[in-house]
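Take a look at the structure below.
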Amino acid sequence: MVLGTYKEIVSARSTDREIQKLAQDGGIVTGLLAYALDEGIIEGAVVAGPGKEFWKPEPMVAMTSDELKAAAGTKYTFSPNVLMLKKAVRQYGIEKLGTVAIPCQTMGIRKAQTYPFGVRFVADKIKLLVGIYCMENFPYTSLQTFICEKLGLNMELVEKMDIGKGKFWVYTQDDVYTLPLKETHGYEQAGCKICKDYVAELADVSTGSVGSPDGWSTVITRTDSGDSIFKQAVEVGIFETKPIEEVKPGLGLLEKLSAQKKEKAEKNIAARKEMGLPTPY
Ligand SMILES: Cc1cc2nc3c(=O)[nH]c(=O)nc-3n(C[C@H](O)[C@H](O)[C@H](O)COP(=O)(O)OP(=O)(O)OC[C@H]3O[C@@H](n4cnc5c(N)ncnc54)[C@H](O)[C@@H]3O)c2cc1C
Ligand code: SF4
């Protein structure tokens with residue numbers, strides 16, 4: 001299945017005005033982790049917090065809604081959230097942990113849960129894994145190239161970055177700048193070329209913007225617990241939802257992009273094998 005196994009797919013957004021303003025898309029990640037905190041489903045969550053340098057995230061343990069909100073928004077570079085999980089358990093004493101992860105991190109976490117070498121008392125504490133879609137990621141120096149060199153801006157002026165509709169979008173307080181994606185190609189992290197997972201297939205709940213209108217997210221519930229937490233949150237009014245069949249561009253685009261990513265990765269993996277290079281599968 002091109003989108004992995006799942007229970008349901010809907011278009012959704014947070015009903016919280018503050019989250020709507022801070023979030024990248026529909027505020028599903030922040031809203032769902034905040035709901036899980038409030039309900040005692042988790043005691044804290046590892047998220048990509050603001051780092052010392054602008055737009056260079058640092059993993060942090062959020063134990064309040066305000067801390068979750070401070071980490072809202074997409075940073076298009078690595079945030080080694082997985083490294084922080086051990087610290088969250090050992091140093092913060094968290095017994096029920098939530099986290100947000102891109103697909104490769106989601107795979108790492110599931111692997112740690114299945115083969116818990118050295119992380120036996122960490123991996124089993126993860127109670128809610130929210131996965132976000134990811135087509136590719138960039139080293140921080142690539143972001144500096146886009147923002148500083150190509151657009152002539154300072155990193156601290158940037159309020160939001162986004163990828164969509166064939167462009168890399170940069171928002172400042174007064175203006176919107178774009179780069180065609182052909183200008184960002186070649187700056188991606190090399191390892192992303194052999195990544196086959198677009199929609200965080202192993203998460204409890206996966207979410208991303210593709211498929212839904214601006215300000216909304218496409219939400220895929222996958223595990224029993226993920227499905228039930230999301231549905232409880234909808235029931236108490238944390239999220240509003242629309243059937244995915246009723247929104248544009250809809251599921252077709254998500255399926256198309258996911259299939260394209262898999263095909264491209266297969267080709268790159270085959271090419272690596274031919275050259276005798278190591279491959280992940
Ligand atoms: C590198 C990257 C590539 C992406 N590519 C796509 C794509 O091709 N298509 C698509 O639909 N969506 C993509 N997304 C996901 C999308 O940008 C949003 O993150 C997602 O829709 C969640 O939005 P939200 O409003 O629910 O989250 P918010 O409520 O804004 O919360 C975002 C959460 O993501 C965490 N986060 C931010 N940056 C990172 C990071 N680098 N690594 C790990 N966690 C992070 C934050 O800590 C926060 O908890 C990508 C995200 C990343 C990080
Ligand atoms: S494309 Fe794959 S390997 Fe690259 S950052 Fe995204 S999930 Fe990770």
Side-chain angles (χ1 to χ4, degrees), residues 11-14 16 18-35 45-51 55-62 65 67-84 98-109 128-140 142-143 160-166 168-169 181 184 188-203 205-212 214-220 230 239 249 253-254 257-258 260-262 264-265 268 280:
S11 189
R13 72 167 176 186
S14 166
D16 181 319
E18 202 190 346
I19 293 182
Q20 280 178 10
K21 226 191 280 164
L22 294 167
Q24 186 75 14
D25 299 308
I28 305 304
V29 179
T30 304
L32 196 61
L33 291 173
Y35 172 73
V46 172
V47 290
W55 295 101
K56 191 174 190 180
E58 276 173 28
M60 66 178 257
V61 181
S65 295
E67 285 170 339
L68 285 173
K69 284 176 192 162
T74 301
K75 293 92 178 171
Y76 283 98
T77 188
F78 329 123
S79 178
N81 292 358
V82 180
L83 285 178
M84 197 66 167
T99 193
V100 50
I102 48 179
C104 54
Q105 295 173 332
T106 304
M107 284 187 246
I109 291 169
L128 178 57
L129 173 46
V130 185
I132 49 183
Y133 309 165
C134 178
M135 188 56 86
E136 77 259 305
N137 206 347
F138 300 96
Y140 186 67
S142 298
L143 291 187
K160 183 174 180 173
M161 294 181 206
D162 201 10
I163 296 178
K165 302 178 186 107
F168 188 91
W169 300 75
L181 286 188
T184 66
E188 298 94 353
Q189 176 193 2
C192 297
K193 287 191 166 64
I194 51 169
C195 173
K196 290 204 276 188
D197 186 354
Y198 179 46
V199 287
E201 296 179 23
L202 301 181
V205 175
S206 309
T207 186
S209 61
V210 167
S212 291
D214 288 348
W216 289 72
S217 297
T218 303
V219 181
I220 308 179
F230 180 72
F239 299 121
L253 182 61
L254 192 64
L257 292 181
S258 186
Q260 279 176 355
K261 183 172 179 182
K262 284 179 193 295
K264 213 159 112 188
N268 288 329

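For ligands, and for the atoms within them, numbers begin at 1 and follow the listed sequence.
- With respect to atom 1 (S) of ligand 2, the closest heavy atom belonging to the protein is Lys261 NZ, 3.2 Å.
- With sequence neighbours excluded, the residues satisfying side-chain contact (heavy atoms from CB on, under 4.5 Å) with Val82 are Leu85, Gln105, Ile109.
- Listed by chain and number, the protein atoms of type N/O/S under 2.8 Å from atom 4 (Fe) of ligand 2 are Cys192 SG; waters are omitted.
- With sequence neighbours excluded, the residues that form a side-chain contact (heavy atoms from CB on, under 4.5 Å) with Ser79 are Ala48, Pro57, Pro59, Asn81.
- In Met135, the part holding a heavy atom less than 4.0 Å from any atom of ligand 2 is the backbone.
- At distances below 3.5 Å, at least one donor-acceptor pair connects side-chain atoms of Lys261 with backbone N or O atoms of Cys134.
- Note: Phe168 and Phe138 have perpendicular aromatic rings, judged against thresholds of 30 and 60 degrees for the angle between ring planes.
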Worksheet item: What's the verdict on side-chain contact (heavy atoms from CB on, under 4.5 Å) for Glu188 and Ser142, showing C-alpha distance, side-chain angles and the deciding distance?
Response: CA-CA 8 Å; Glu188 298 94 353; Ser142 298; over 6 Å; no
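- Looking at heavy atoms from C-beta onward, Met135 lies out of side-chain contact with Val210 at the 4.5 angstrom threshold.
- Judged purely by distance below 3.5 Å, without hydrogens or angles, the side chains of Thr218 and Ser212 pair a donor atom with an acceptor atom.
- The only option from Pro103, Ser206, Ser258 that meets the side chain to side chain contact (heavy atoms under 4.5 Å, CB included) definition with Tyr198 turns out to be Ser258.
- The residues lining ligand 1, counting any heavy atom closer than 4.0 Å, are Ala23, Gln24, Asp25, Gly26, Gly27, Ile28, Val29, Thr30, Val47, Ala48, Ala71, Ala72, Gly73, Thr74, Lys75, Tyr76, Thr77, Ser79, Asn81, Val100, Ile102, Gln105, Ile132, Tyr133, Cys134, Met135, Glu136, Asn137, Tyr198, Gly208, Ser209, Val210.
- Cation-pi geometry between Lys56 and Tyr140 is satisfied (NZ or CZ under 6.0 Å from the ring centre, within 45° of the ring normal).
- Surrounding NZ of Lys264 are at most 12 heavy atoms belonging to other residues, nucleotides or ligands under 6.0 Å away.
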